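A short write-up of the structure that comes next.
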Protein chains: 2
Amino acid sequence: METKQISKAVIKRLPRYYRYLGELMEDNVERISSNELSKKMHTTASQIRQDLNNFGGFGQQGYGYNVHYLYTEIGKILGLDTIHPMIILGAGNLGQALANYVDFEKRGFKLVGIFDVNPVLEGIAVRGLEIQMLSELPFFLKENNVEIAILTLPKNKAKEMADILVENGIKAIWNFAHLDLETPDDVIVENVHLSESLMTLSYNLSKYRQEHVE
Amino acid sequence: METKQISKAVIKRLPRYYRYLGELMEDNVERISSNELSKKMHTTASQIRQDLNNFGGFGQQGYGYNVHYLYTEIGKILGLDTIHPMIILGAGNLGQALANYVDFEKRGFKLVGIFDVNPVLEGIAVRGLEIQMLSELPFFLKENNVEIAILTLPKNKAKEMADILVENGIKAIWNFAHLDLETPDDVIVENVHLSESLMTLSYNLSKYRQEHVE
DNA sequence: TAGATTGTTAATCGATTAACAATC
DNA sequence: TAGATTGTTAATCGATTAACAATC
């Protein structure tokens, strides 16, 4: 089944809509118009309507959007209505931080394994899971249903492990390593390049200084 | 001084150029053409030349770009040639993980303070810095030169602290909290919304499944 | 019904790619 | 010099915004 191609820009905005709708629900707001929402989100009503209409007509003329309904629908679109078993490769500071993110489990992202190379870490429990050695990974992948692998290993190790993940049929990698993974087309890679984000901040700061101090 | 407006898309790509050029330097590559680089980076030579020419003519006809020179110049553009004193607000898992990121210090991002609300953490050393109480933050900001504040606090606390940061003249916030900070125009906010990144991955996974399994 | 607001088409704006003259 | 490759202008493509008929 081939679905209509939806632009990356739209997809990147969906989680933000989801977040705002969640907040509206917390505030017991029942319905909202694209215009009101656009003001809250500092965007245009037109963009909101265009974005949502990629997925269906969730609103009603003269009424707007039902907050709860829209929240649920966007949740479905984002795949938050199913459980996603995840493993973490790299039990360093970042790996452990991600393991302890409560929000993820709430949204269906369920941690089922955590791995590292460092023998010192073996057996230490993180969020109720004992850290395993990366050498056990291929066996683990064959025995367990894993959807998403989180890569928080150093560059070289990350590259090596990505190959093993692909060989064992993993189709989604959340990559925190400072490299672009070379994976087949059917493997989904979502990168979080923290240092690049910090450099962007640094750029904006420098530019601001140049424009205002001199 | 008003500089020509450079699009966000271009700026977001700069750190990636910087990373690739760094790798080329490690491999002792002296010069590279936009065409070669475009193949490595899976982009177009045209885009590379356009991007770079926003900042100046770094190349030479018939020769290409000198890797070391271009690396240095992009570093300067990104503000990596100066020291940026940073503080971390929130000494939880993520805060500590970021504190221990070796790469940051290498690029001039120098951690000078780490804060939390939890009294249990007070005085515990992270990367040689004792965790301080957030109540001491305003005083600390008055006494010390701080450029960047890293926010790894929960939502509510983050909102509150952002106001204190702004009041005390902080001009750059690296925000990991799950909210959009409402700050004055002259405050630069760079968001890292991890859960939104994970949802994007989840969306792509769901879409892939729909297109291929059914 | 009248007013509000969507869904959707058309217009505009911006970003990417192509092309090529300039020049090393 | 001839070949290579940039810097830059022009063409294309895509995304955002505006407008408005449809309809609740």
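These numbers were taken from a predicted model, which means no experiment stands behind them. What's counted below: heavy atoms across the whole structure, side chains too, no hydrogens, waters or symmetry copies. Below, chain A is the first sequence line, B the second, and so on; all start at residue 1.
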ask   = When you list every nucleotide of DNA chain D with an atom under 4.0 Å from a heavy atom of chain B, which one comes first 5' to 3', and which comes last?
value = D/dA4 to D/dA10
task = Using the salt bridge (Lys or Arg N to Asp or Glu O under 4.0 Å) rule, collect all pairs that involve residues 151-161 of chain B, keeping only residues at least two apart or in two chains.
result = A/Glu23-B/Lys155, B/Lys157-B/Glu160
note = Heavy-atom nearest pair, A/Ser38 first then A/Thr44, reads CB-C, 3.5 Å
For DNA chain C, the dot-bracket pattern of Watson-Crick and G-U pairs whose distances stay under 3.5 Å, | for other-strand partners = ..||||||||||||||||||||||
task = Take B/Ile6 and B/Phe55 through the side-chain contact (heavy atoms from CB on, under 4.5 Å) test and state the conclusion after the steps.
result = CA-CA 9 Å; B/Ile6 286 150; B/Phe55 304 98; 3.4 Å; yes
ask   = Are the charged groups of A/Lys39 and A/Glu36 less than 4.0 angstrom apart, N to O?
value = no
message = Which residue is it: B/Asn191, B/Val192, B/Thr183? I am looking for the one with a side-chain contact (heavy atoms from CB on, under 4.5 Å) to B/Asn175.
response = B/Asn191
inquiry  = Take a 6.0 Å sphere around CD of A/Glu105 and say whether it holds more than 12 heavy atoms from other residues, nucleotides or ligands.
reply    = yes
query = Would a line drawn from the ring center of A/Phe109 to the ring center of A/Trp174 be shorter than 6.0 Å?
reply = no
request  = Scan A/Arg19, A/Arg16, A/Arg13, A/Lys12 and name whichever one has a side-chain hydrogen bond (donor to acceptor under 3.5 Å, both in side chains) with B/Glu196.
outcome  = A/Arg19
query = Between A/Ser46 and A/Tyr63, which has a closest nucleotide on DNA chain D that is more 5'?
reply = A/Ser46
